[in-house]
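Read the structure below first, then the notes.
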Amino acid sequence: SQQGEEDPQALSIQEGENATMNCSYKTSINNLQWYRQNSGRGLVHLILIRSNEREKHSGRLRVTLDTSKKSSSLLITASRAADTASYFCATVENSGYSTLTFGKGTMLLVSP
Amino acid sequence: NAGVTQTPKFQVLKTGQSMTLQCAQDMNHNSMYWYRQDPGMGLRLIYYSASEGTTDKGEVPNGYNVSRLNKREFSLRLESAAPSQTSVYFCASSEAVPSGAGNTIYFGEGSWLTVV
């Protein structure tokens, strides 16, 4: 069953604004990853944050992780029309041999 | 830079027909995966192969079989297609399973399958 649950399901903003997406999960995790999917394409890895990390940056992306609340957020600053895509969080459970479990995604629309 | 290549891109099947989705990666990765993506459901793992010679069931394996042909190739077979298997299928690979080392996964471009 799905581990991560993104919120909101859809987000519409103007270019230049910041976009924040949240992910909640249920079990103890080893790491959490965010992926982007452009329409009709495969998923592309954006950033990984480990369970012992609280914040991570990559370019215009900022990811936070709160293991006590079992939640993560992805912030895209100064958004561009090219950021229009679906964003998925994916978790790796902290139980031995584990694969990635994906949430249902947030669809982001950035209007020029 | 081919990465993960999957074929075919599009396929229409009649109920009861069989077909095989092919996948190959050129990154010398040990682990390979098959996911399906349905509207509103996100991605669900069908089968994976942690390393050459091993395969394991994921969340939704019923109606599918897989073969890890060699380190590069991982195929997904539908023996008797059903309308419920209409979906977008993604093959993916990583250096190793994501636990522990936190390996990221690289995806193919997807195969759109319709079963009528």
Side-chain angles (χ1 to χ4, degrees), chain A residues 1-10 21 23-25 27-53 56 58 61 63 65 72 85-107, chain B residues 1-7 9-10 21 23 25 27 29-51 54-61 74 88-112:
Chain A
S1 59
Q2 249 98 14
Q3 160 81 303
E5 197 74 34
E6 290 91 341
D7 172 61
Q9 289 186 338
M21 288 159 267
C23 170
S24 59
Y25 56 90
T27 65
S28 175
I29 61 168
N30 177 287
N31 67 76
L32 184 145
Q33 304 180 26
W34 285 90
Y35 286 77
R36 182 186 74 207
Q37 183 181 33
N38 289 87
S39 181
R41 306 297 297 273
L43 280 74
V44 175
H45 176 259
L46 294 175
I47 195 165
L48 179 154
I49 187 165
R50 301 186 191 281
S51 60
N52 61 353
E53 297 176 312
K56 208 159 181 183
S58 177
L61 305 180
V63 169
L65 178 65
S72 173
S86 291
Y87 292 82
F88 295 86
C89 71
T91 54
V92 179
E93 293 185 21
N94 204 16
S95 56
Y97 212 60
S98 180
T99 58
L100 274 176
T101 303
F102 285 84
K104 297 179 182 180
T106 291
M107 194 177 303
Chain B
N1 277 19
V4 178
T5 304
Q6 50 182 115
T7 58
K9 182 84 171 176
F10 300 98
L21 297 173
C23 176
Q25 51 90 10
M27 296 173 281
H29 284 168
N30 290 299
S31 302
M32 297 186 73
Y33 314 83
W34 278 104
Y35 284 89
R36 62 177 286 174
Q37 184 176 31
D38 302 291
M41 295 294 294
L43 279 85
R44 293 181 291 171
L45 184 63
I46 305 171
Y47 270 94
Y48 69 100
S49 171
S51 60
T54 69
T55 60
D56 285 284
K57 295 178 180 179
E59 183 185 351
V60 288
F74 188 40
V88 184
Y89 291 85
F90 288 97
C91 179
S93 70
S94 62
E95 287 185 26
V97 288
S99 53
N103 282 289
T104 61
I105 292 185
Y106 297 82
F107 283 82
E109 291 295 295
S111 295
W112 273 253

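Each chain gets a letter, A, B and so on, in the order the sequences are listed, and its residues count up from 1. It should be emphasised that the depicted structure is a prediction, and the values quoted were computed from it without experimental measurement.
The environment of OH in B:Y106 is sparse: at most 12 heavy-atom neighbours from other residues, nucleotides or ligands sit within 6.0 Å. Around CD of A:Q9, the count of heavy atoms belonging to other residues, nucleotides or ligands within 6.0 Å does not exceed 12. Within a 6.0 Å sphere centred on CD of B:E95, other residues, nucleotides and ligands contribute 12 heavy atoms or fewer.
Interatomic distance, B:T104 OG1 to A:L46 CG, rounded to the nearest 0.5 Å: 11.0 Å. Of the inter-residue distances, the one linking B:I105 atom CD1 with A:L43 atom CG reads 9.5 Å to the nearest 0.5 angstrom. Rounding to the nearest 0.5 Å gives a distance of 5.0 Å between OH of B:Y35 and CZ of A:F102.
Chain A forms more heavy-atom pairs under 4.5 Å with one residue of B:W112, B:F90, B:F107 than with any other, namely B:F107.
In this structure, chain A has a heavy atom under 4.5 Å from the side chain of B:Y33, while its backbone stays farther away. Heavy atoms closer than 4.5 Å to chain B are found in the side chain of A:Q37, but not in its backbone.
Taking each heavy atom of A:F88 and B:Q37 in turn, the nearest pair found is CZ-NE2, 3.5 Å.
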